[in-house]
Amino acid sequence: MNIKYRSHAVDRMLQRNITTTEVELILREPDGIIKQSQDKFIYYKKLKGRKDNLVAAVTLVKSKNELEVITVMIDFEVQ
C-alpha cells in the first residue's frame, strides 16, 4: 500500500511524537476502523509504549492501493 502524508498530518505527527512506522502499523493492524464518508476513514490502535489512549489516523482513500493521511490524533475515543 502506498501511503502519502498531507503537510498537516506531518505537522501533527511531529507535534505528537508519532512516527511513520507507528502510522503504518495503525493502518496495517488497526484495533478498529470508523467510516466517516465514502472515501474517508479513521484507523485507530493502542500502541505499546505510549501512555496516551488510542492513536488514530484519519485517511482519504485515493485508489485501491493508495491512502492519504490527513491528520493523526492522540487520546482518541470511540463514540
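With contacts defined as side-chain heavy-atom distances shorter than 4.5 Å, the pair Leu67/Met1 qualifies. Two residues are said to be in side-chain contact when any heavy atoms from C-beta on lie closer than 4.5 Å; Leu54 and Asp75 fail this criterion. In this structure, the side chains of Val69 and Ile3 come closer than 4.5 Å at one or more pairs of heavy atoms. Side-chain atoms of Tyr44 and Ile34, non-hydrogen and from C-beta on, do get closer than 4.5 Å to each other. The shortest distance between side-chain heavy atoms of Arg50 and Ile74 falls below 4.5 Å. With contacts defined as side-chain heavy-atom distances shorter than 4.5 Å, the pair Asp52/Leu47 does not qualify.
The environment of CG in Asn17 is sparse: at most 12 heavy-atom neighbours from other residues, nucleotides or ligands sit within 6.0 Å. By the neighbour-count criterion of 12 heavy atoms within 6.0 Å, atom CD of Gln15 is densely surrounded, having more than that number from other residues, nucleotides or ligands.
Remark: side-chain polar atoms of Arg16 are paired, donor with acceptor, to backbone N or O of Val72 under 3.5 angstrom. A side-chain donor-acceptor contact under 3.5 Å links Asn53 to the backbone of Phe76. The backbone N or O of Lys46 sits less than 3.5 Å from a side-chain atom of Asp31, completing a donor-acceptor pair.
No continuous path of hydrophobic side-chain contacts links Val61 to Val58 [ILVMFWY only; heavy atoms under 4.5 Å]. Linking ILVMFWY side-chain heavy atoms closer than 4.5 Å, directly or via other members, places Leu14 and Leu25 in a single hydrophobic cluster. Note on Ile33: it clusters hydrophobically with Val55, by side-chain heavy-atom contacts below 4.5 Å among ILVMFWY residues. By the rule that hydrophobic residues join a cluster once side-chain heavy atoms approach within less than 4.5 Å of another member, Val10 and Ile18 end up as members of one cluster.
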Next on the checklist: side chain to side chain contact (heavy atoms under 4.5 Å, CB included) for Met13 and Thr20? Distances and angles first, verdict last.
Outcome noted: CA-CA 8 Å; Met13 289 167 65; Thr20 55; 3.7 Å; yes
Next on the checklist: Working note: Asn2 + Lys62, criterion side chain to side chain contact (heavy atoms under 4.5 Å, CB included); need CA distance, chi angles, decisive distance, verdict.
Outcome noted: CA-CA 10 Å; Asn2 186 23; Lys62 301 297 273 184; over 6 Å; no
Item to check | Steps toward side chain to side chain contact (heavy atoms under 4.5 Å, CB included) verdict (Tyr5, Ile70) | outcome: CA-CA 7 Å; Tyr5 296 87; Ile70 299 170; over 6 Å; no
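For the pair Lys4 and Glu68, the salt-bridge criterion is not met [side-chain N within less than 4.0 Å of a carboxylate O]. A salt bridge does not link Glu22 to Lys45: none of the charged side-chain nitrogens sits closer than 4.0 Å to a carboxylate oxygen.
If you run side-chain contact (heavy atoms from CB on, under 4.5 Å) between Gln36 and each of Ile42, Thr59, Leu60, only Ile42 comes through.
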